[in-house]
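See below for the structure under consideration.
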Amino acid sequence: MTLADKIAQLNIPVCLPQELLGDSTDPTGTVANREAYVRGRTVVGTGAGQLRLGPGGGFFGLVNQTLSGSVEVPHPLTPREQAEQHNRLQRLARDTRLGIPLLEISEGTHGSLGPGSTIFPEGLALGATFDPELIGQVYAAVAREARAVGIHALSTITAELNRDPRYGRGIWAFSEDPYLTAAFVGALVPAVQGAGGGLTSDESVVTSLVTFPMESPNVGGLETSSVEIGERAFRQTHLEPWRVGFAEAGALMTEASEQTIDGLVVHGSRKYLTDLLRDELRFDGVVIGNDLRSLIREHVAATAQEAAGLGLRAGVDISLAWDEIYLDQLAAAVREGRVDEALLDRAVRRVLTLKERLGLFENPYVDAARAERVVNCAPHKALALRAARESMVLLKNEGELLPLAADRVRTVALIGPNADNKLNLLGEYNAYPALHETPSIREALTRLLGDRVRVRYERGCAVTGADTSGFAAARAAARDADVAVVVVGEQTSGGYFSPDRTDGELKDTASLALTGVQQQLLEEVHATGTPTVAVVVTGRALALPWATAHLPALLVAWLPGEAGGRAVAETLFGRSEPTGRLPVTFPRDVGQLPLTYDQKHARADADAYIDMPSTPLHAFGSGRGYTTFRYSGIRLDDSHITQDGRTHLHVDITNTGKRAGTEVVQLYVTDDLASVSLPRIRLRGVAKRRVAAGERVTVSFPVVAARDLTLVDEQLRTVVEPGTFTLSIGSASDRLHQRISLTVS
């Protein structure tokens, strides 16, 4: 391979619609540009440094023609056409001098991005299920649909924690908790990479976990601001999902963080991208870089050539940004001896090895007819509905207002900006257009109730803005109804560049209150005296003190995906039980941040602020169903174990209500006396159990000292210290019903 051949393999540019590129020579905006790149006819640089690249390495996001709705495309490609497009490009690649197949990468936060793909719940919605097995099934379906159309790797599957709700990119993350996130990652990686018999299977793709090692909590919750966290805190709180994802599950791709962490720019940090990632976590895949410019922005590199050398030495293998740094400037640095070509060879070898693992050298093509059969097939639709149902979190249900009874409710006033907005249910980086039915809450509710119950709809207001002209109609609808359902929250529709989006990438916020006049709408409807249910469509934790204090029922619907409208309607009328639990803490006010459930003792026991309590509004793990449970009989198989030992904890739960229901039983651990300060409680087990009315069942948890009782000591060693531990069982982090002591020696 020539130098130009090697450089081309390391550049897998993000595809952007031509409408956003203008006069750019980026090889992604037009069919002609893409084909020229694949054939090795793209020229970069100027003058003596000009370089004609060899055949291109692949593309990122080729099927995301519209940037999830940022631009309108007259004729979006169907799944069959997406597969045919990839096959056409692969044939061109195979016909080049080297014949190296293309590597096609795509976003995959909660579904494959090609139009028509199944749109599953996103981020915290999946986290709220507290069900790792379900998450594995969801991502196996996502992988199946992606590979069917010719995608080989899914990126933006988040392994980092959601510890600051202001941060817009937290929309992709599952939870603030390391144990829960690690459980999800441990389930999804083998499902994505091993479904159907390994990476060469037509049902598997590479998992790209993001963003390593972390991008949040960052200063001020702002996209490009730095992360200021110490090594011990990082290892104690943030490392577990990465260890599970790489060292245990074997994820083969990751994207380097765009942040500076403790003064180190990650894109140029050997400490993070080699010493930690490859040596300690045994990562054996490919590292994506999307912001090598951060080295220049942070004044670590003075020139593009210096940035290229720093990135390559640190361990960045692929560049997604079409940037001179990894194009002509990297080539110049190698030619002039500033960068050892052996480092370039190392990166190229990693890329080619990944293509080989995927079986692309033997068969880079896909069956276009199969893509039609697999994408959004009936089992995947059913799975999207199940995930949406299980993500619903009921935070308040005063007087058992819910579930509503169709035989007692004659008229429902359905109000709010998200009541009839199907796109705001779908989340960020969704398959747009869907090419299949994605009913709004209004449409789903009307279909569910038929002629039995009248649904009177009024929008009331928008998600943003100060227009209150719809309030009068909303009040009138509420006064004439037996119950009012007001659907408020966030706006994620409109695509990446929409100025009206309130959440998602590049949409950080300084306030966690409802935007626009939505709270005023809630107040106006509540003032009519009609019992009012608030349904909140959101991708982040919000501060909802007024709604919590005044409304009888509060349901968090998150970003529930294509079946979200139906899941909300079924939950309101008791066809489905809300079994979701909060995977993040809901604060009273943004001024409490940072606020997670796993606070150290001093913060957990702190006095109130002068203007509000210091406790959360809704604690991590909170949520209720339509029945009640009693906990009893906590016990251990062995109450004394060694530092490398294990035992089992058992507890009995009894359904004390009149209907069957699901309880989410949570195990928390407290280290009674340690050499370093630790959180007061840490989640170390979750179990969902369906229990019939009046039935008692036993729930059991394994307790493994080397997994569940560790700490990072003063010397940064992960150890189990001898002593006593309190094991607590409850239904939320602030509702612990049974406790027992365990001794470790």
Query raised in the report: Could you go step by step and tell me if Asp500 and Ser498 meet the side chain to side chain donor-acceptor pair (under 3.5 Å) rule?
Result: CA-CA 5 Å; Asp500 297 321; Ser498 170; 4.6 Å; no
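- For Phe120, the ring-ring contact (aromatic ring centres under 6.0 Å, His included) test picks out no residue, with sequence neighbours left out.
- Listed for the Glu215 side chain is no donor-acceptor partner under 3.5 Å among the backbone atoms of Ser257.
- Two residues are said to be in side-chain contact when any heavy atoms from C-beta on lie closer than 4.5 Å; Val535 and Val485 meet this criterion.
- Residues satisfying the ring-ring contact (aromatic ring centres under 6.0 Å, His included) criterion with Tyr432, sequence neighbours excluded, are absent altogether.
- Among all heavy-atom pairs drawn from Pro439 and Ala444, the shortest one is CB-N, 4.4 Å.
- For the pair Ser391 (side chain) and Gly580 (backbone), a donor-acceptor distance under 3.5 Å is absent.
- Distance alone, capped at 3.5 Å, places no donor-acceptor pair between the His618 side chain and the Pro587 backbone.
- Using a 4.5 Å heavy-atom threshold, the side chains of Tyr597 and Pro616 count as separate.
- Judged purely by atom type and a 3.5 angstrom limit, Glu145 uses its side chain to pair as donor or acceptor with the backbone of Thr118.
- Nearest heavy atoms, Asp177 versus Thr181: O-OG1, 2.9 Å.
- Counting only heavy atoms from C-beta outward, the side chains of Ile318 and Asn11 never approach each other to under 4.5 Å.
- For the atom pair Thr129 OG1 and Ile135 CD1, the distance stands at 4.0 Å (nearest 0.5 Å).
- Ion pairing between Lys688 and Glu390 holds under the 4.0 Å rule for side-chain N and carboxylate O.
- Between the side chains of Glu104 and Ser106, no donor N or O sits under 3.5 Å from an acceptor N or O.
- Residues meeting the side chain to side chain donor-acceptor pair (under 3.5 Å) test with Glu428, sequence neighbours left out: Trp172, Arg501.
- Checked for salt-bridge contact, Arg163 and Glu176 miss the test: no charged N lies under 4.0 Å from a carboxylate O.
- Contact record, Glu490 with Gly539: OE1-N, 2.9 Å, taken as the closest heavy-atom pair.
- The distance from atom CD of Glu258 to atom OG1 of Thr224, rounded to the nearest 0.5 Å, is 9.0 Å.
- One distance of note links NE2 of His110 with CG of Leu426; it measures 8.0 Å at 0.5 Å rounding.
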Query raised in the report: Checking side-chain contact (heavy atoms from CB on, under 4.5 Å) for the pair Thr28/Val14: CA distance, chi angles, key distance, verdict?
Result: CA-CA 7 Å; Thr28 64; Val14 175; over 6 Å; no
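- When every heavy atom of Thr207 is checked against every heavy atom of Ala251, the shortest pair comes out as O-CB, 3.9 Å.
- Trp242 places a side-chain N or O within donor-acceptor distance of the main-chain N or O of Pro213, the cut-off being under 3.5 Å.
- Here Thr509 pairs with nothing under the side chain to side chain donor-acceptor pair (under 3.5 Å) rule; sequence neighbours left out.
- Taking every heavy atom of both residues into account, Pro178 and Pro241 meet most closely at O-CG, 3.8 Å.
- In the displayed structure, Glu133 atom CD is contacted under 6.0 Å by at most 12 heavy atoms of other residues, nucleotides or ligands.
- Formation of a donor-acceptor pair under 3.5 Å by the Glu562 side chain with backbone atoms of Ile119 is found in this model.
- With a 4.5 Å cut-off on side-chain heavy atoms, Phe60 and Cys15 do not count as touching.
- Residues Ser68 and Leu113 are in side-chain contact: their nearest non-hydrogen atoms beyond the backbone lie under 4.5 Å apart.
- The CG atom of Leu292 lies 10.5 Å from the CZ atom of Arg297; values are rounded to the nearest 0.5 Å.
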Report task. Might you work through the side-chain contact (heavy atoms from CB on, under 4.5 Å) test for Leu134 and Leu383, ending with a clear yes or no? Result -> CA-CA 9 Å; Leu134 173 60; Leu383 188 60; 3.8 Å; yes
Query raised in the report: Would Ile105 and Glu255 count as a side-chain contact (heavy atoms from CB on, under 4.5 Å) if you check the C-alpha gap in whole Å, the side-chain angles of each, and the deciding distance to 0.1 Å?
Result: CA-CA 12 Å; Ile105 311 174; Glu255 186 173 329; over 6 Å; no
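- With Gln259 contributing its side chain and Ser216 its backbone, the two residues share no donor-acceptor pair below 3.5 Å.
- In this structure, CZ in Phe586 is found 6.0 Å from CG in Leu542, a value given to the nearest 0.5 Å.
- Taken to the nearest 0.5 Å, the CG atom of Leu252 stands 6.5 Å off from the CZ atom of Phe283.
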Query raised in the report: When you look at Leu395 and Thr548, which way does the side-chain contact (heavy atoms from CB on, under 4.5 Å) test go after all the steps?
Result: CA-CA 8 Å; Leu395 289 178; Thr548 299; over 6 Å; no
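- Judged by distance alone, the side chain of His267 and the main-chain N or O of Asn290 form a donor-acceptor pair under 3.5 Å.
- Between Tyr457 and Thr446, the closest side-chain pair of non-hydrogen atoms is not below 4.5 Å.
- Evaluation of the side chain to side chain contact (heavy atoms under 4.5 Å, CB included) rule for Ala567 yields Ala388, Arg389, Met392 as partners, not counting sequence neighbours.
- When all heavy atoms are compared, the tightest approach of Cys461 to Leu521 is SG-CD2, 3.8 Å.
- A side-chain donor-acceptor contact under 3.5 Å links Ser319 to the backbone of Ala321.
- Between the side chain of Asn424 and the backbone N or O of Thr492 there is at least one donor-acceptor pair closer than 3.5 Å.
- Listed by chain and number, the residues in a ring-ring contact (aromatic ring centres under 6.0 Å, His included) with Tyr139 amount to none (sequence neighbours excluded).
- For the pair Glu505/Ile171, no side-chain contact is recorded, criterion being any heavy-atom separation below 4.5 Å from C-beta on.
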Query raised in the report: Taking it one step at a time, do Thr464 and Gln491 satisfy side chain to side chain donor-acceptor pair (under 3.5 Å)?
Result: CA-CA 8 Å; Thr464 59; Gln491 179 155 315; 5.6 Å; no
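- Proximity of Phe184 to Leu126: side-chain heavy atoms (C-beta onward) are nowhere separated by under 4.5 Å.
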